[in-house]
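Inspection log for the structure reproduced underneath, given as structure tokens.
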2 protein chains.
Amino acid sequence: MDVTDSRSQTGETGRGRPSALQEFKCPIRDVLDRVGDAWSVLVVTNLAEGPTRFNELKRRIEGISQRMLTVTLRHLERDGLVSRTVMPTTPPQVEYALTDLGHSLCRPLDVLADWATANQPLIRASRERYDAESGG
Amino acid sequence: MDVTDSRSQTGETGRGRPSALQEFKCPIRDVLDRVGDAWSVLVVTNLAEGPTRFNELKRRIEGISQRMLTVTLRHLERDGLVSRTVMPTTPPQVEYALTDLGHSLCRPLDVLADWATANQPLIRASRERYDAESGG
DNA sequence: CAGAATCCCATTGGATACTG
DNA sequence: CAGTATCCAATGGGATTCTG
């Protein structure tokens, strides 16, 4: 199963990915990795509005597969960014919510999003210019 | 060759990855992707100190492969975050530097890094707790 | 020095089917 | 509803080799 991360404790897979920076390169890389993950950001953003149930999240984050939503939520829960509450009903309901730590991430995320939004036009333009010069 | 991104213009690979959010999900995702990329951040951080040549970068970002440094620099150049200057010497020297846009990214990056640094202990602790409960 | 090209395995992640 | 398990295609990225 690919949900378990016991691998990440050895820090060495053999070849695969660097794993290098994970340990000795940049001590905060593993934290940043979660931000780089597209789905994680989407999930955190959605949960910022309030506690949400599994399928509601799945519906809102249109395009995410069931598997990735599960995996992403597990990661966020493991990191203490998201809490998971099971309601003993039939059928069972599970509610996900941001923890305080999770909420605290929203600010840095907003700063980054603001930068991205503000500079997206320049970046897009730069890409078109680059592609035009390369291709022609 | 995997350096070309003509794929990203169609926005559809067939199955592979979502590519979904790339276009219609989160318009700034493609920008954020660059931040999520471990190497990109490392390169930008290093260039923030001043213009640097290829092999000097490779030496400083210990662990990066030649291929990934090339690919990463191309991406950053395409996005207009990094400039590439070829000095007509023998042997040729190529100097990479942050553009104004590249420099402007440093602030949001710092904010994020500060958050990561400040909260890493909590996250680590949460992970250990989670792993202990799951494993035991 | 600064890359480009090739080879190839490891991880990613969608699709699908099954469970409590 | 809220997952878990399995299968498999596509991508990521290190290692290696070759060039101007």
Side-chain angles (χ1 to χ4, degrees), chain A residues 1-8 10-22 25 33 36-40 42-43 51-59 61-75 77 82 84-96 134, chain B residues 1-8 10 12-22 25 33-34 36-40 42-43 51-59 61-75 77 82 84-96 134:
Chain A
M1 62 174 72
D2 55 7
V3 174
T4 63
D5 285 341
S6 50
R7 166 191 58 74
S8 66
T10 73
E12 187 55 61
T13 318
R15 291 280 257 18
R17 53 190 307 213
S19 161
L21 63 171
Q22 220 83 16
K25 179 90 1 221
D33 275 345
D37 177 18
W39 299 128
S40 286
L42 269 287
V43 169
T52 316
R53 286 170 50 191
F54 188 86
N55 276 324
E56 174 63 20
L57 269 178
K58 186 167 181 331
R59 234 167 289 128
I61 309 178
E62 196 177 1
I64 193 171
S65 68
Q66 198 174 41
R67 201 182 83 93
M68 284 318 292
L69 181 53
T70 301
V71 170
T72 301
L73 285 169
R74 287 292 174 281
H75 280 161
E77 189 193 354
V82 161
R84 177 174 179 274
T85 311
V86 182
M87 326 290 283
T89 59
T90 330
Q93 298 187 356
V94 180
E95 206 168 73
Y96 291 93
S134 296
Chain B
M1 61 173 72
D2 55 6
V3 174
T4 63
D5 286 340
S6 50
R7 166 190 60 74
S8 65
T10 73
E12 186 56 60
T13 317
R15 291 280 257 15
R17 54 188 308 211
S19 160
L21 62 172
Q22 220 83 16
K25 179 88 3 221
D33 275 345
R34 199 101 306 135
D37 177 17
W39 297 129
S40 287
L42 269 286
V43 169
T52 316
R53 286 171 48 192
F54 188 88
N55 275 324
E56 175 63 21
L57 269 177
K58 187 167 179 333
R59 233 168 290 128
I61 308 178
E62 195 176 2
I64 194 171
S65 68
Q66 200 173 40
R67 201 182 86 93
M68 284 319 291
L69 181 54
T70 300
V71 171
T72 301
L73 284 169
R74 287 294 174 278
H75 280 160
E77 190 194 352
V82 162
R84 176 174 179 273
T85 310
V86 183
M87 325 293 281
T89 60
T90 329
Q93 299 187 357
V94 180
E95 206 168 72
Y96 292 92
S134 298

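Keep in mind it's a predicted model, so treat the numbers as computed, not measured. Only this structure's heavy atoms are used, side chains among them; waters, hydrogens and symmetry mates stay out. Below, chains carry the letters A, B, ... as their sequence lines are ordered, and counting in each starts from 1.
The one candidate from A:R59, A:K58, A:R53 that meets the side chain to side chain donor-acceptor pair (under 3.5 Å) condition with A:E56 is A:R59.
In this structure, the CD1 atom of B:I61 is 14 Å from the P atom of D:dG13, given to the nearest Å. Straight-line distance from the CG atom of B:D37 to the P atom of D:dT11: 17 Å, rounded to whole Å. Between the CH2 atom of A:W39 and the C1' atom of C:dT11 there is a distance of 17 Å, given to the nearest Å. For the pair B:M68 CE and D:dG14 P, the interatomic distance rounds to 6 Å; values are reported in whole Å. Rounded to an integer number of Å, the gap from B:D33 CG to D:dT11 P is 14 Å. Between the CG atom of A:L69 and the P atom of D:dG3 there is a distance of 8 Å, given to the nearest Å. The distance from atom CD of A:E77 to atom P of D:dA2 is 14 Å, rounded to the nearest whole Å. One interatomic measurement links the two molecules: CE of A:M87 to C1' of D:dG3, which rounds to 17 Å at whole-angstrom precision.
The shortest distance between side-chain heavy atoms of A:V94 and A:T85 does not fall below 4.5 Å. The closest side-chain heavy-atom distance from A:R74 to A:R84 is below 4.5 Å.
With rounding to the nearest 0.5 angstrom, the CG atom of A:L57 is 8.0 Å from the CD1 atom of A:I64.
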Look for any protein N or O under 3.5 Å of an N or O in nucleotides 1-3 of chain C and output each such pair with its distance, or none.
unit_1: C:dC1; atom_1: O3'; unit_2: B:R53; atom_2: NH2; d: 3.2
unit_1: C:dA2; atom_1: OP1; unit_2: B:R53; atom_2: NE; d: 2.9
unit_1: C:dA2; atom_1: OP2; unit_2: B:N55; atom_2: N; d: 2.8
unit_1: C:dA2; atom_1: OP2; unit_2: B:N55; atom_2: ND2; d: 3.2
unit_1: C:dG3; atom_1: OP1; unit_2: B:R74; atom_2: NH2; d: 3.2
unit_1: C:dG3; atom_1: OP1; unit_2: B:R84; atom_2: NE; d: 3.1
unit_1: C:dG3; atom_1: OP1; unit_2: B:R84; atom_2: NH2; d: 2.6
unit_1: C:dG3; atom_1: OP1; unit_2: B:Y96; atom_2: OH; d: 3.3
unit_1: C:dG3; atom_1: OP2; unit_2: B:Y96; atom_2: OH; d: 2.4
unit_1: C:dG3; atom_1: N7; unit_2: B:Q66; atom_2: NE2; d: 2.9

Review point. Under the side-chain contact (heavy atoms from CB on, under 4.5 Å) criterion, do A:L69 and A:W39 qualify, and how do the steps go?
Key: CA-CA 8 Å; A:L69 181 53; A:W39 299 128; over 6 Å; no
Practice item. Starting from the C-alpha separation in whole Å, work towards a yes-or-no answer on side-chain contact (heavy atoms from CB on, under 4.5 Å) for A:F54 and A:T70. Key: CA-CA 9 Å; A:F54 188 86; A:T70 301; 3.5 Å; yes
